[in-house]
Engineer: 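Sharing a structure below in C-alpha coordinates format, with a few things to ask.
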Amino acid sequence: FLTLNILINSFCHSNQVDFAFSVFAKILKLGHEPSHVTFNTLIKGLYLSGRTDEAAILFEKMVHNGYKPNAVTYGTVIQGLCKSGQNAAAVQLLWKMEERGCNPNLVIYSTIIDCLCKSELVIEASNLFSEMKTKGIMPDVVVYNSLIHGTCKLGHWKVATLLLNEMKDKNIKLRERTFNVLVDSLCKEGKITEAKLVIKGMSDSGLEPNTVTYNTLMHGYCLQGDMIRAQNAFEAMVHGGCRPDVVSFNILIHGFCKINRLVDALKLLDDMHIYGVVPD
RNA sequence: CACCAGCCUUCU
(Lines give C-alpha, C1' and ligand atoms only; values in the text may rest on other atoms or scores of the structure.)
Protein backbone atom coordinates (compact mmCIF):
# COMPACT_ATOMS: atom_id res chain seq x y z
CA PHE A 1 0.00 0.00 0.00
CA LEU A 2 3.01 2.20 0.18
CA THR A 3 3.04 1.77 -3.57
CA LEU A 4 -0.49 3.07 -3.91
CA ASN A 5 0.25 6.02 -1.64
CA ILE A 6 3.30 6.86 -3.69
CA LEU A 7 1.16 6.71 -6.80
CA ILE A 8 -1.42 9.01 -5.24
CA ASN A 9 1.34 11.38 -4.25
CA SER A 10 2.75 11.63 -7.76
CA PHE A 11 -0.68 12.23 -9.26
CA CYS A 12 -1.32 14.95 -6.72
CA HIS A 13 1.92 16.70 -7.57
CA SER A 14 1.28 16.61 -11.28
CA ASN A 15 -2.14 18.20 -11.00
CA GLN A 16 -3.99 15.00 -11.68
CA VAL A 17 -5.99 14.70 -8.50
CA ASP A 18 -8.73 12.86 -10.28
CA PHE A 19 -6.39 10.01 -11.06
CA ALA A 20 -5.26 10.12 -7.46
CA PHE A 21 -8.85 9.60 -6.40
CA SER A 22 -9.27 6.65 -8.70
CA VAL A 23 -6.31 5.04 -6.98
CA PHE A 24 -8.00 5.86 -3.70
CA ALA A 25 -11.16 4.14 -4.92
CA LYS A 26 -9.10 1.13 -5.80
CA ILE A 27 -7.72 0.95 -2.27
CA LEU A 28 -11.26 0.97 -0.91
CA LYS A 29 -12.47 -1.56 -3.46
CA LEU A 30 -9.70 -3.94 -2.48
CA GLY A 31 -11.06 -3.69 1.02
CA HIS A 32 -8.03 -1.95 2.47
CA GLU A 33 -7.92 0.81 5.00
CA PRO A 34 -6.47 4.04 3.68
CA SER A 35 -3.89 5.45 6.07
CA HIS A 36 -3.43 8.94 7.43
CA VAL A 37 -0.83 9.45 4.77
CA THR A 38 -3.37 8.62 2.08
CA PHE A 39 -5.74 11.27 3.35
CA ASN A 40 -3.04 13.83 3.95
CA THR A 41 -1.78 13.39 0.43
CA LEU A 42 -5.22 13.68 -1.14
CA ILE A 43 -6.03 16.80 0.85
CA LYS A 44 -2.82 18.39 -0.34
CA GLY A 45 -3.64 17.42 -3.91
CA LEU A 46 -7.00 19.13 -3.72
CA TYR A 47 -5.41 22.29 -2.40
CA LEU A 48 -2.75 22.19 -5.09
CA SER A 49 -5.41 22.19 -7.76
CA GLY A 50 -7.31 24.99 -6.09
CA ARG A 51 -10.20 22.81 -4.94
CA THR A 52 -10.17 24.18 -1.42
CA ASP A 53 -13.80 23.40 -0.64
CA GLU A 54 -13.37 19.75 -1.50
CA ALA A 55 -10.23 19.65 0.61
CA ALA A 56 -12.17 20.91 3.61
CA ILE A 57 -14.90 18.34 2.97
CA LEU A 58 -12.40 15.51 2.76
CA PHE A 59 -10.83 16.68 6.00
CA GLU A 60 -14.24 16.54 7.71
CA LYS A 61 -14.98 13.14 6.21
CA MET A 62 -11.72 11.84 7.51
CA VAL A 63 -12.59 12.99 11.02
CA HIS A 64 -16.10 11.54 10.80
CA ASN A 65 -14.73 8.18 9.77
CA GLY A 66 -12.73 8.02 12.95
CA TYR A 67 -9.34 9.12 11.69
CA LYS A 68 -7.78 11.45 14.19
CA PRO A 69 -5.92 14.08 12.19
CA ASN A 70 -2.23 14.15 13.03
CA ALA A 71 0.21 17.05 12.93
CA VAL A 72 0.85 16.54 9.23
CA THR A 73 -2.87 16.63 8.49
CA TYR A 74 -3.24 19.91 10.31
CA GLY A 75 -0.11 21.21 8.66
CA THR A 76 -1.48 20.37 5.25
CA VAL A 77 -4.84 21.98 5.88
CA ILE A 78 -3.29 25.06 7.46
CA GLN A 79 -0.96 25.47 4.50
CA GLY A 80 -3.90 25.11 2.15
CA LEU A 81 -5.88 27.74 4.02
CA CYS A 82 -2.89 30.05 4.00
CA LYS A 83 -2.26 29.66 0.30
CA SER A 84 -5.89 30.40 -0.46
CA GLY A 85 -5.77 33.60 1.53
CA GLN A 86 -7.69 32.40 4.58
CA ASN A 87 -5.32 33.59 7.28
CA ALA A 88 -7.92 33.84 10.00
CA ALA A 89 -9.17 30.32 9.40
CA ALA A 90 -5.60 29.05 9.53
CA VAL A 91 -4.98 30.66 12.91
CA GLN A 92 -8.27 29.31 14.21
CA LEU A 93 -7.30 25.82 13.20
CA LEU A 94 -4.04 26.30 15.06
CA TRP A 95 -6.05 26.90 18.22
CA LYS A 96 -8.47 24.12 17.47
CA MET A 97 -5.81 21.49 17.02
CA GLU A 98 -4.46 22.37 20.42
CA GLU A 99 -7.91 21.93 21.94
CA ARG A 100 -8.16 18.57 20.28
CA GLY A 101 -4.95 17.50 21.93
CA CYS A 102 -2.59 17.80 19.00
CA ASN A 103 0.21 20.17 19.86
CA PRO A 104 1.35 22.51 17.11
CA ASN A 105 4.97 21.85 16.21
CA LEU A 106 7.64 23.91 14.49
CA VAL A 107 6.32 23.26 10.99
CA ILE A 108 2.81 24.35 11.91
CA TYR A 109 4.02 27.59 13.45
CA SER A 110 6.38 28.14 10.59
CA THR A 111 3.60 27.70 8.07
CA ILE A 112 1.39 30.29 9.68
CA ILE A 113 4.20 32.69 10.42
CA ASP A 114 5.25 32.60 6.78
CA CYS A 115 1.69 33.15 5.69
CA LEU A 116 1.24 36.15 7.99
CA CYS A 117 4.55 37.61 6.86
CA LYS A 118 3.50 37.35 3.25
CA SER A 119 0.35 39.27 4.13
CA GLU A 120 2.57 41.89 5.76
CA LEU A 121 1.19 41.02 9.20
CA VAL A 122 4.63 40.89 10.71
CA ILE A 123 3.51 41.92 14.20
CA GLU A 124 1.06 39.04 14.38
CA ALA A 125 3.74 36.74 13.03
CA SER A 126 6.19 37.90 15.69
CA ASN A 127 3.63 37.27 18.39
CA LEU A 128 3.20 33.69 17.24
CA PHE A 129 6.96 33.39 17.04
CA SER A 130 7.25 34.41 20.71
CA GLU A 131 4.43 32.07 21.67
CA MET A 132 6.20 29.24 19.96
CA LYS A 133 9.48 29.94 21.70
CA THR A 134 7.69 30.20 25.04
CA LYS A 135 6.45 26.67 24.50
CA GLY A 136 10.01 25.52 24.13
CA ILE A 137 9.87 24.98 20.39
CA MET A 138 13.27 25.79 18.92
CA PRO A 139 13.18 27.95 15.79
CA ASP A 140 15.11 26.85 12.72
CA VAL A 141 16.47 28.58 9.65
CA VAL A 142 13.17 28.24 7.77
CA VAL A 143 11.09 30.22 10.22
CA TYR A 144 13.80 32.85 10.40
CA ASN A 145 13.83 33.11 6.62
CA SER A 146 10.11 33.83 6.66
CA LEU A 147 10.42 36.48 9.34
CA ILE A 148 13.38 38.12 7.66
CA HIS A 149 11.48 38.13 4.40
CA GLY A 150 8.50 39.78 6.04
CA THR A 151 10.50 42.45 7.83
CA CYS A 152 12.68 43.29 4.84
CA LYS A 153 9.68 43.61 2.59
CA LEU A 154 8.36 46.30 4.91
CA GLY A 155 11.76 47.94 4.92
CA HIS A 156 12.33 47.16 8.59
CA TRP A 157 16.02 46.54 8.14
CA LYS A 158 16.83 47.05 11.81
CA VAL A 159 14.49 44.27 12.82
CA ALA A 160 15.91 42.04 10.12
CA THR A 161 19.37 42.66 11.51
CA LEU A 162 18.16 41.74 14.98
CA LEU A 163 16.82 38.49 13.62
CA LEU A 164 20.09 37.75 11.87
CA ASN A 165 21.96 38.36 15.12
CA GLU A 166 19.54 36.11 16.94
CA MET A 167 20.35 33.35 14.47
CA LYS A 168 24.02 33.85 15.12
CA ASP A 169 23.45 33.61 18.89
CA LYS A 170 21.54 30.39 18.47
CA ASN A 171 24.10 28.97 16.10
CA ILE A 172 21.60 28.68 13.30
CA LYS A 173 23.49 28.82 10.05
CA LEU A 174 22.30 31.11 7.28
CA ARG A 175 21.48 29.35 4.05
CA GLU A 176 21.49 30.43 0.44
CA ARG A 177 17.81 31.27 0.75
CA THR A 178 18.46 33.55 3.69
CA PHE A 179 20.88 35.56 1.59
CA ASN A 180 18.57 35.47 -1.41
CA VAL A 181 15.79 37.01 0.64
CA LEU A 182 18.09 39.86 1.60
CA VAL A 183 19.34 40.33 -1.93
CA ASP A 184 15.80 40.40 -3.27
CA SER A 185 14.55 43.00 -0.83
CA LEU A 186 17.55 45.23 -1.44
CA CYS A 187 17.23 44.94 -5.21
CA LYS A 188 13.57 45.80 -5.12
CA GLU A 189 14.43 48.95 -3.19
CA GLY A 190 17.00 49.81 -5.83
CA LYS A 191 19.86 49.22 -3.40
CA ILE A 192 21.90 47.14 -5.77
CA THR A 193 25.24 48.10 -4.33
CA GLU A 194 24.20 46.75 -0.98
CA ALA A 195 22.74 43.67 -2.59
CA LYS A 196 26.10 42.94 -4.13
CA LEU A 197 27.70 43.32 -0.72
CA VAL A 198 25.33 40.71 0.62
CA ILE A 199 26.31 38.38 -2.21
CA LYS A 200 29.92 38.94 -1.31
CA GLY A 201 29.12 38.17 2.31
CA MET A 202 27.50 34.98 1.10
CA SER A 203 30.70 33.81 -0.56
CA ASP A 204 32.67 34.87 2.49
CA SER A 205 30.59 32.56 4.65
CA GLY A 206 31.25 29.66 2.36
CA LEU A 207 28.03 29.67 0.38
CA GLU A 208 28.02 30.08 -3.38
CA PRO A 209 25.40 32.23 -5.08
CA ASN A 210 22.94 29.98 -6.85
CA THR A 211 20.65 30.45 -9.83
CA VAL A 212 18.03 32.23 -7.73
CA THR A 213 20.67 34.63 -6.42
CA TYR A 214 21.68 35.60 -9.93
CA ASN A 215 18.10 35.76 -11.15
CA THR A 216 17.28 38.10 -8.31
CA LEU A 217 20.18 40.37 -9.10
CA MET A 218 19.34 40.35 -12.82
CA HIS A 219 15.82 41.35 -11.97
CA GLY A 220 17.16 44.18 -9.87
CA TYR A 221 19.06 45.54 -12.85
CA CYS A 222 16.05 45.08 -15.11
CA LEU A 223 13.98 47.16 -12.75
CA GLN A 224 16.48 49.96 -13.34
CA GLY A 225 16.40 49.40 -17.06
CA ASP A 226 20.08 48.48 -16.92
CA MET A 227 20.14 45.62 -19.36
CA ILE A 228 23.89 45.77 -19.75
CA ARG A 229 24.49 44.87 -16.15
CA ALA A 230 21.61 42.42 -16.20
CA GLN A 231 23.28 40.56 -19.03
CA ASN A 232 26.63 40.79 -17.29
CA ALA A 233 25.04 39.09 -14.31
CA PHE A 234 23.75 36.41 -16.65
CA GLU A 235 27.27 35.85 -17.93
CA ALA A 236 28.59 35.76 -14.38
CA MET A 237 26.01 33.12 -13.55
CA VAL A 238 27.07 30.88 -16.41
CA HIS A 239 30.70 31.52 -15.69
CA GLY A 240 30.17 30.76 -12.03
CA GLY A 241 28.82 27.35 -12.95
CA CYS A 242 25.13 28.06 -12.35
CA ARG A 243 22.62 26.86 -14.89
CA PRO A 244 20.23 29.53 -16.06
CA ASP A 245 16.63 28.40 -15.84
CA VAL A 246 13.39 29.51 -17.39
CA VAL A 247 13.05 32.26 -14.80
CA SER A 248 16.41 33.70 -15.83
CA PHE A 249 15.16 34.08 -19.37
CA ASN A 250 11.76 35.35 -18.34
CA ILE A 251 13.46 38.09 -16.37
CA LEU A 252 15.69 39.20 -19.22
CA ILE A 253 12.98 38.94 -21.87
CA HIS A 254 10.64 40.95 -19.71
CA GLY A 255 13.38 43.49 -19.12
CA PHE A 256 13.93 43.98 -22.84
CA CYS A 257 10.23 44.11 -23.63
CA LYS A 258 9.69 46.79 -21.04
CA ILE A 259 12.08 49.13 -22.82
CA ASN A 260 10.80 48.15 -26.26
CA ARG A 261 13.85 46.22 -27.33
CA LEU A 262 11.79 43.44 -28.84
CA VAL A 263 14.53 42.22 -31.16
CA ASP A 264 16.78 41.50 -28.20
CA ALA A 265 13.91 39.80 -26.44
CA LEU A 266 13.29 37.53 -29.41
CA LYS A 267 16.95 36.69 -29.68
CA LEU A 268 16.93 35.51 -26.09
CA LEU A 269 13.90 33.39 -26.80
CA ASP A 270 15.90 31.75 -29.58
CA ASP A 271 18.91 31.25 -27.32
CA MET A 272 17.00 29.44 -24.62
CA HIS A 273 17.38 26.00 -26.12
CA ILE A 274 21.16 26.37 -26.15
CA TYR A 275 20.97 26.23 -22.39
CA GLY A 276 18.48 23.41 -22.43
CA VAL A 277 15.69 25.66 -21.25
CA VAL A 278 12.14 25.46 -22.56
CA PRO A 279 9.85 28.51 -22.50
CA ASP A 280 6.93 28.21 -20.14
C1' C B 1 19.07 9.81 2.35
C1' A B 2 12.69 8.15 -0.99
C1' C B 3 4.39 7.23 1.19
C1' C B 4 2.29 12.99 3.58
C1' A B 5 2.77 19.37 5.96
C1' G B 6 6.68 25.02 6.40
C1' C B 7 11.04 29.37 3.71
C1' C B 8 13.94 32.53 -1.80
C1' U B 9 13.79 34.86 -7.79
C1' U B 10 10.18 36.22 -13.22
C1' C B 11 5.24 36.81 -15.25
C1' U B 12 0.11 36.51 -14.17
Side-chain angles (χ1 to χ4, degrees), chain A residues 1-13 20 23 27 34-45 47-48 55 59 62 69-83 90 93-94 97 102 104-118 125 128 132 137 139-150 152-153 174-188 195 198 202 209-223 230 233 237 242 244-255 257-258 277 279-280:
Chain A
F1 313 100
L2 289 199
T3 320
L4 294 180
N5 280 340
I6 294 171
L7 202 52
I8 289 180
N9 195 29
S10 8
F11 280 133
C12 285
H13 282 95
V23 177
I27 292 179
S35 66
H36 278 80
V37 174
T38 316
F39 282 107
N40 295 347
T41 310
L42 286 167
I43 291 172
K44 168 106 186 275
Y47 277 122
L48 283 179
F59 177 63
M62 174 181 176
N70 59 22
V72 177
T73 318
Y74 284 110
T76 307
V77 175
I78 286 175
Q79 167 77 335
L81 291 170
C82 286
K83 286 269 142 71
L93 191 54
L94 172 78
M97 67 181 284
C102 185
N105 58 22
L106 173 61
V107 174
I108 304 275
Y109 274 105
S110 179
T111 304
I112 301 201
I113 287 170
D114 180 63
C115 168
L116 293 173
C117 283
K118 292 216 166 82
L128 280 179
M132 173 190 117
I137 299 172
D140 67 356
V141 61
V142 173
V143 70
Y144 274 108
N145 286 346
S146 295
L147 286 163
I148 292 171
H149 191 172
C152 285
K153 205 167 89 174
L174 310 199
R175 290 198 188 154
E176 285 88 346
R177 279 187 196 215
T178 321
F179 286 98
N180 289 344
V181 166
L182 297 169
V183 171
D184 182 49
S185 302
L186 289 167
C187 282
K188 292 212 166 105
V198 171
M202 184 172 184
N210 60 24
T211 298
V212 174
T213 317
Y214 285 109
N215 287 349
T216 307
L217 183 62
M218 280 162 41
H219 185 233
Y221 284 126
C222 287
L223 288 175
M237 162 163 59
C242 280
D245 61 9
V246 65
V247 175
S248 318
F249 284 94
N250 287 346
I251 288 168
L252 289 177
I253 289 172
H254 185 246
C257 287
K258 218 175 50 182
V277 178
D280 62 5

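So that the names make sense, note that chain A is the first sequence line, chain B the second, and so on, each numbered from 1. Note that these values count all heavy atoms, side chains included, but never hydrogens, waters or copies made by symmetry.
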Engineer: Using a cut-off of 4.0 Å on non-hydrogen atoms, how would the nucleic acid contact of A:D140 be classed: base, sugar-phosphate, or nothing?
Structural biologist: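 Counting heavy atoms under 4.0 Å across all strands, the contact made by A:D140 includes a base.
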Engineer: Kindly write out the residues that satisfy ring pair (Phe, Tyr, Trp, His ring centres under 6.0 Å) with A:F249, not counting sequence neighbours, or none if the list is empty.
Structural biologist: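 For A:F249, the residues satisfying ring pair (Phe, Tyr, Trp, His ring centres under 6.0 Å) (neighbours in sequence not counted) are A:F234, A:Y275.
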Engineer: Among residues at least two apart in sequence or on other chains, which ones pass side chain to side chain donor-acceptor pair (under 3.5 Å) with A:D245?
Structural biologist: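 Only A:N215, A:S248 meet the side chain to side chain donor-acceptor pair (under 3.5 Å) criterion with A:D245.
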Engineer: On a heavy-atom basis, which atom in A:I112 and which in A:A90 lie closest, and how many Å separate them?
Structural biologist: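 In this case the closest contact between A:I112 and A:A90 is CD1-O, 3.6 Å.
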Engineer: Could you tell me which residues satisfy side chain to side chain donor-acceptor pair (under 3.5 Å) with A:K258, sequence neighbours excluded, listed by chain and number?
Structural biologist: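 Once residues adjacent in sequence are excluded, A:K258 has no partner under the side chain to side chain donor-acceptor pair (under 3.5 Å) criterion.
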Engineer: Looking at every strand, decide which applies to A:K118 at a 4.0 Å heavy-atom threshold: base, sugar-phosphate, or nothing.
Structural biologist: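 It contacts sugar-phosphate atoms only.
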Engineer: If the condition is salt bridge (Lys or Arg N to Asp or Glu O under 4.0 Å), which residues does A:D114 pass it with, not counting sequence neighbours?
Structural biologist: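 Once residues adjacent in sequence are excluded, the partners of A:D114 under the salt bridge (Lys or Arg N to Asp or Glu O under 4.0 Å) criterion are A:K118.
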Engineer: Excluding sequence neighbours, so at least two apart, what forms salt bridge (Lys or Arg N to Asp or Glu O under 4.0 Å) with A:K188?
Structural biologist: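 Once residues adjacent in sequence are excluded, the partners of A:K188 under the salt bridge (Lys or Arg N to Asp or Glu O under 4.0 Å) criterion are A:D184.
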Engineer: What are the 5'-most and 3'-most nucleotides of RNA chain B lying under 4.0 Å from any heavy atom of chain A?
Structural biologist: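 Here the contact window of chain A covers B:C3 to B:C11.
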Engineer: Enumerate the residues from residues 34-42 of chain A whose closest heavy atom to RNA chain B is under 4.0 Å, giving them by residue number; use none for an empty result.
Structural biologist: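 Those residues are A:V37, A:N40, A:T41.
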Engineer: Taking any heavy-atom pair under 4.0 Å as a contact, classify A:K83: base, sugar-phosphate, or nothing.
Structural biologist: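 The answer is sugar-phosphate, as A:K83 gets under 4.0 Å only of primed atoms, P, OP1 or OP2.
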Engineer: Using a cut-off of 4.0 Å on non-hydrogen atoms, how would the nucleic acid contact of A:T76 be classed: base, sugar-phosphate, or nothing?
Structural biologist: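 The answer is sugar-phosphate, as A:T76 gets under 4.0 Å only of primed atoms, P, OP1 or OP2.
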Engineer: Taking side chain to side chain donor-acceptor pair (under 3.5 Å) as the test, write out the residues that go with A:S110, two or more places apart.
Structural biologist: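 Once residues adjacent in sequence are excluded, A:S110 has no partner under the side chain to side chain donor-acceptor pair (under 3.5 Å) criterion.
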Engineer: Can you name the side-chain contact (heavy atoms from CB on, under 4.5 Å) partners of A:V141, sequence neighbours left out?
Structural biologist: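 Partners of A:V141 under the side-chain contact (heavy atoms from CB on, under 4.5 Å) test: A:N145, A:M167, A:I172, A:R175, A:T178.
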